[in-house]
Amino acid sequence: MQSRHTLTSSERSRLLPFVVASGEISPRDQRDLMERPFFSLSKTKRTTPILYATGDVRVEVFGMPEHGMATIWDADVLIWAASQIVEAENLGLTTSRFLRFTPYQLLTGIGRQTGARDYALLRAALARLQSTVVATTIRNGQNWRRHQFSWITEWEICTGRNGRAAGVEIVIPEWLYRGVIDRSLVLAIDPAYFRLTGGIERWLYRVARKHAGRQSAGWVFEIAHLHRKSGSLVRVSDFAIQIRRIAARQSLPGYRLGIDHESGRELLRILPTDLSTYPVDNYVNGIGTSHASPIGTSHAGLSGLYTHKPQLSLWPETAIPALNLSNLESNSFVDGKRRSADNASHPSIAPSRGLGDGP
């Protein structure tokens, strides 16, 4: 076994590994990541920083020249990792920021193919996630305190003697991990999200899921305001054209979009429908087993709840002995009244190539 990526100072030496053993689970997303501009929405390499500020909220994202900024397709890795952690926590298992899994588990879990090209895209995504630097005041209380991190602190892809990628190790930052194990900060998303091919389209689904949720009145955004929140480098006029095209296609699972005009403003109205490919809950259910049908080509027959046999010969010393192996910025005009998305109460609240490399 040989390492493709080595680090001299390793957090992994201080963390007990959480070995992913699950098959079919419902995907979950972290609320803070769902609407603010944390990722590039383009598949071309972006090194222009994202600098977003509103009220006490600051988001700064910097991409390195060698790799470019992490894209919204690369973020699928984080969604998958969050989903695995939430599922294990719901089952009463101990999790960790240090995850071990096979590339096959990840790629099939986010609806990707498993050819050589897809493994190469995964390596590129991991490199961008690690090299992207994020600084934010989100979840840092009333005082302006800037928390800085990378989406992946460490990563390593291990290969077998045949040269094929056999296992992956990643360490996610504490900021993200805390936002995942806090149930109020996680939302279930429709598995069809992974089939959305456009960067703005993907970002817009996450905005719709967070704000409109299952509220009968939905949510309304001024398109110019959405543009500022997206961090997109395209002009406002081009952004508006893309939003209109998405609304014309009605491609967001579980939501219907409409374009309205009010006092010279162009507005996007987002209404929940029953067209979701899976009944998405408002956020994570209590302890229980998810029965979400996966997308992709996964043939895993057992969920993590029932898996008992070792499935990673890569790490024989931790071969699943007992299953877990680890010790006021959004403006909404609803019924003619302006609301602040971050302060609004939810009815039931408790050229860088993306990993997908789609059109």
Q: Measure across Leu271 and Ser216 and return the closest heavy-atom pair with its distance rounded to 0.1 Å.
A: CD2-O, 3.8 Å
Q. Is it true that Phe149 and Val57 fall in one hydrophobic cluster, defined by side-chain heavy atoms closer than 4.5 Å?
A.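 Looking at the clustering, Val57 is in the same group as Phe149.
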Flag the pair [X] and [Y] as a salt bridge only when some basic side-chain nitrogen lies within less than 4.0 angstrom of an acidic carboxylate oxygen.
X      : Y      : result
Asp32  : Arg139 : yes
Arg178 : Asp182 : no
Asp76  : Arg202 : yes
Glu35  : Arg206 : no

Q: Please work out which of the three classes, parallel, tilted or perpendicular, describes the rings of Trp175 and Phe38, given edges at 30° and 60°.
A: tilted
Q) Once the angle between the rings of Phe221 and His225 is folded into 0 to 90°, is it parallel (under 30°), tilted (30 to 60°) or perpendicular (over 60°)? A) parallel
Q.
Between Ser150 (side chain only) and Gln130 (backbone N and O only), is there a donor and an acceptor less than 3.5 Å apart?
A.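 Yes; at least one donor-acceptor contact below 3.5 Å.
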(Q) Tell me whether Arg245 at atom CZ has more than 12 heavy atoms from other residues, nucleotides or ligands lying less than 6.0 Å away. (A) no
Q.
Evaluate Tyr205 against Ser251 for side chain to side chain donor-acceptor pair (under 3.5 Å), listing each step before the verdict.
A. CA-CA 9 Å; Tyr205 170 80; Ser251 56; over 6 Å; no
Q) Would you say the side chain of Leu226 lies within less than 4.5 Å of the side chain of Phe239, judging by non-hydrogen atoms? A) yes
Q. Taking the six-membered ring of Tyr255, is the NZ or CZ of Arg214 close enough (under 6.0 Å from the centre) and on axis enough (within 45°)?
A. yes
